[in-house]
Amino acid sequence: MKIPVAFEKSMKTYLGTSWDAFLRSYDEPEYYGIRLNPLKISREEFIEKSPVALKEISWCKEGFYYDGTKGQPAKHPYYHAGMYYIQEPSAMLPASLLPVEPGDRVLDLCAAPGGKSTQIAGKLQGKGLLVSNDISISRTKALVKNLDMTGAANVVVTCEKPEKLAKAFPQFFDKILVDAPCSGEGMFRKNPQMFKDYEQRGPAYYEPLQKEIVAQALSMLKPGGYLVYSTCTFSPEEDEGLVDWVLKEYPDMTLENSFSFPGRGYGHPEWVVNGDESLRYAYRMWPHQIEGEGHFAVLFKKADGERKRQKYHHKSEKLSTEAAEFLRNVNLDDNDGYYKQIGERLFLIPNAMPEVKGIRMVRSGLCLGEQKKKRFEPDQALAMALKSEQYYKTIDFPLEDERVLKYLKCETIMVDGPEGFVLITVDGFPLGWGKLNKGRLKNKYAPAWRWM
């Protein structure tokens, strides 16, 4: 592996006698991570049902290592049921640091493809609000899919620049995650192709961009709120340097020392001119010290002050006859949301979401279904947000039934069961919808999710 000269020079300076151990880590295989979805399954049940052997990840209670050479959990029906998310182990740290509680209003500012957002959604347990934003409309497609698959109902996905969001949400959020775009040094071992981008841009390109993003995020954070800033780079300019800049420019921000684990690295104030001593509270993940890739994260706390939490009195729109009839048979917890028709689609929008104008919405809440001519067709997202007992017509297939894969491949299935729309499940975990007529199941699984 040919390491960029500038990167090697700087890392030798910072690591000193640890450089050789760091360099040897590039010859080691990458580590694979899997994280259970607490919206779907308990830790105990997941350990029992997991399709791969597991080993605990010490910085994430929902996270586990698995042997990527002995299993493909992404090619398993349980993955399509949203029971778990596949994620690089170190990438589980930032959302683990953010002290999210059910009922919080949370922003994931640079969210795509959605790993950290799905982790936050699990912490919220369907209460409160998560706004997941990404500046790239193409990247939000994966973000929406991953949140839908997770079964997260209280999530809004936006596609805006941070400064535009800041105008819409001044001091609104209790917790914010900024997993900032960076030079990506921590991912070199896993993805050597990132060398090219590093040589074209490098830390000097990203540093001012990171400052702008964090400044906008801080304006959206409530007094007493928490913000996690993270990168997947080793560069002090993008890590300790950025954090030190925040501490000096925003005296109401302080660093918290949350929790420790074996192999945790700390921040280095000596790598910054006149660096604040509290920079030692930072988390550094070194690939020669932990089983994972390189990562950096800090937990900021904003000073306490007057906290205003406005309550919004949204009124649900009158449902069509067909939608009302369908939803009468769905035991949907809609206490924290209201119904709104957008075009032909019906959404359950979180009550905590204010009416904002001029913001590009990609997912306005939970999509319940689409109003067709004199009929209502339930959406894939609704199926994933339900538990099997919440809908009165369910067809459950055991994992070994060949019809599970046929369903995931969007094929027609022959099966006995109740007529009309049925919820298809595997071992009791929802996969999607089908419409049954005289033993013939018309497959309603989302075509974009088709098993390939």
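Basis for what follows: all heavy atoms, side chains included, without hydrogens, waters or symmetry-related copies.
Side-chain contact check for Asn443 and Thr412: no donor-acceptor pair (N or O, by modelled atom type) lies under 3.5 Å. Under 3.5 Å, the side chains of Gln119 and Glu62 contain no donor-acceptor pair of N or O atoms. Side chains of Ser364 and Arg345: a donor-acceptor N/O pair is absent below 3.5 angstrom, by distance only. Under the 3.5 Å distance criterion, with hydrogens and angles disregarded, a donor-acceptor pair is assigned to the side chains of Ser117 and Asp108. Asp239 and Thr231 share a donor-acceptor pair across their side chains, judged by distance under 3.5 Å alone. A donor-acceptor contact under 3.5 angstrom links the side chains of Asp334 and Tyr339, judged on distance only. Checking Tyr281 against Glu256 by side-chain atom types alone, no donor-acceptor pair falls below 3.5 Å. No donor-acceptor contact under 3.5 angstrom links the side chains of Ser235 and Ser183, judged on distance only.
Counting non-hydrogen atoms of other residues, nucleotides and ligands closer than 6.0 Å to CD of Glu389 gives a total above 12.
Ionic pairing of Glu240 and Arg284 is present here: one or more N-O contacts between side-chain nitrogen and carboxylate oxygen are shorter than 4.0 angstrom. For Lys248 and Asp276, the salt-bridge test fails: no basic side-chain N is under 4.0 Å from an acidic carboxylate O. With respect to the salt-bridge test (charged N to carboxylate O, under 4.0 angstrom), the residues Arg139 and Asp134 qualify. Using a cut-off of 4.0 Å between Lys/Arg side-chain N and Asp/Glu carboxylate O, Lys222 and Glu306 are scored as not salt-bridged. Salt-bridge formation is not detected for the pair Glu163/Lys167: no Lys NZ or Arg NE/NH1/NH2 atom is positioned less than 4.0 Å from an Asp or Glu carboxylate oxygen. No salt bridge links Lys357 with Glu355; every basic N to acidic carboxylate O contact stays at or beyond 4.0 Å. Salt-bridge annotation for Lys387 and Asp333: absent, with no side-chain N of the basic residue lying under 4.0 Å from a carboxylate O of the acidic one. The existence of a salt bridge linking Glu293 and Arg189 is confirmed by a sub-4.0 Å separation between a basic side-chain nitrogen and an acidic carboxylate oxygen. Ion pairing between Glu377 and Lys444 holds under the 4.0 Å rule for side-chain N and carboxylate O. Salt-bridge formation is not detected for the pair Lys123/Asp104: no Lys NZ or Arg NE/NH1/NH2 atom is positioned less than 4.0 Å from an Asp or Glu carboxylate oxygen.
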Passes side chain to side chain donor-acceptor pair (under 3.5 Å), Tyr226 versus Asp174? Steps please. CA-CA 7 Å; Tyr226 291 86; Asp174 302 297; over 6 Å; no

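Checked against a 6.0 Å centroid threshold, the rings of Trp451 and His80 count as neighbours. Ring pair Tyr445/Tyr407: centre-to-centre distance below 6.0 Å.
Judged by distance alone, the side chain of His295 and the main-chain N or O of Trp286 form no donor-acceptor pair under 3.5 Å.
The nearest pair of heavy atoms linking Ala95 to Ile120 is CB-CG1, 4.2 Å.
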